[in-house]
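What follows is a short report on a single structure.
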Amino acid sequence: MARGRLLGCADAPGKVILFGEHFVVEGVPAIATAVGLRARACAYEVEGLGGVFVYSSVFDESLRVFPSSNPKVMNFHEVVKYIHNMLGIDEHRDILVRIDSAIPPAAGLGSSAATAVAFAAAYALAYGVRLTPEEASRAAYEAEKIVHGRPSGIDNTIAAQGGTILYRRGAGFERIRPSLEGCRLVIADTGVKRSTRKAVELVLERKRRLRRLGDAIYETAALLVEEARRALEEGDAELLGILMDVNQGLLNAMGVSIPRIEELVYRARRAGAYGAKLTGAGLGGCVIALTSTRTADAVSKALEEAGARTYIAELDAPGLRVEPCRG
Ligand code: MEV
């Protein structure tokens, strides 16, 4: 792959939703934290390339993003369009953006949003512009609409801002300062791939069919997030664990848990986790378990023995980082 002249790089973290996924789509607040798995994008100017291209190990080839109507890269296409509009640029330079990501894709860890945030910031560097986290987040939201259909905006917000946030659709985010130094998250990939779009549609359909009962479940979810915020700030890991278990019960009620998720959740609890739940869309993807630094290894081992790939992560990782090339 021709590389050309490096113009700059940017990287952004993956995330887990600690509380409130799905309910957030209908206006309930959710709490997300950035984790130490990151996506990195570097922009190169390559003479004679004939447009904007992206290379990622996911497709293992360079694909033209602009001009293009290739559905595989429509997310990047929308980001390029957004940035050109935002910066008022008509010219298209020959740019290749290379993406390297440590975030497992389609697992509920915000890989598409982190990639889009890093891509947007690296691409803007090609025009000498350093995007703010807010700008990169807005550009990435355009990509998220292609990937997810009706995204709440939480994934692009946390990828750009980092840390831990309370997010409410349409009202933006508020930072939370968790006090959980002695805690770890064990993230376990069920290995079951699923579509966020399908999961969101399924939950919304179930809520509609449940009518007042659906409303009551959403009200409970809102109360749960309120309690979780307090427990995070007070560093009450035991209560947080119980609240995670309750959140898992609500997600199960809305139809997005599956036997493999339940199996990993119960194994994590038995191995000493404070609590465990699915994270993100469900129907597959990842399970998260809150543990102390002491029990993290034992919980991770129990989940690996069940055949899951696991990651032990710190919470509250930094957001978008931008490195323009000098000279
Ligand atoms: C997906 O990571 C989280 C969902 O709540 C959808 C969204 O917030 O866009 C299921």
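We count ligands from 1, going down the list as the structure has it; atoms in each ligand are counted the same way.
- Checking side-chain atoms of Asp189 against main-chain N and O of Cys286 turns up no donor-acceptor pair under 3.5 Å.
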### Query
After noting the C-alpha distance and the side-chain angles of Arg208 and Glu205, does the key distance pass the side-chain contact (heavy atoms from CB on, under 4.5 Å) rule?
CA-CA 5 Å; Arg208 198 184 56 75; Glu205 169 61 10; 3.0 Å; yes
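- The structure places CZ of Arg40 at 4.0 Å from SG of Cys9, a figure rounded to the nearest 0.5 Å.
- The side chain to side chain contact (heavy atoms under 4.5 Å, CB included) search around Leu202 returns Val256, not counting sequence neighbours.
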Could you check ligand 1 for N or O atoms lying under 3.5 Å from protein N or O atoms and list the pairs with distances?
from	atom 1	to	atom 2	distance (Å)
ligand 1	5 (O)	His22	N	2.9
ligand 1	8 (O)	Ser152	OG	2.6
ligand 1	9 (O)	Ser152	N	2.8
ligand 1	9 (O)	Ser152	OG	3.3

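- Listed by chain and number, the residues in a side-chain hydrogen bond (donor to acceptor under 3.5 Å, both in side chains) with Asp11 are Arg38, Arg321 (sequence neighbours excluded).
- Judged as a ring-ring contact (aromatic ring centres under 6.0 Å, His included), the pairs with a partner in residues 84-135 (not counting sequence neighbours) are, in order, Phe66-His92, Phe76-Phe119, His84-His92, His84-Tyr123, His84-Tyr127, Tyr123-Tyr127.
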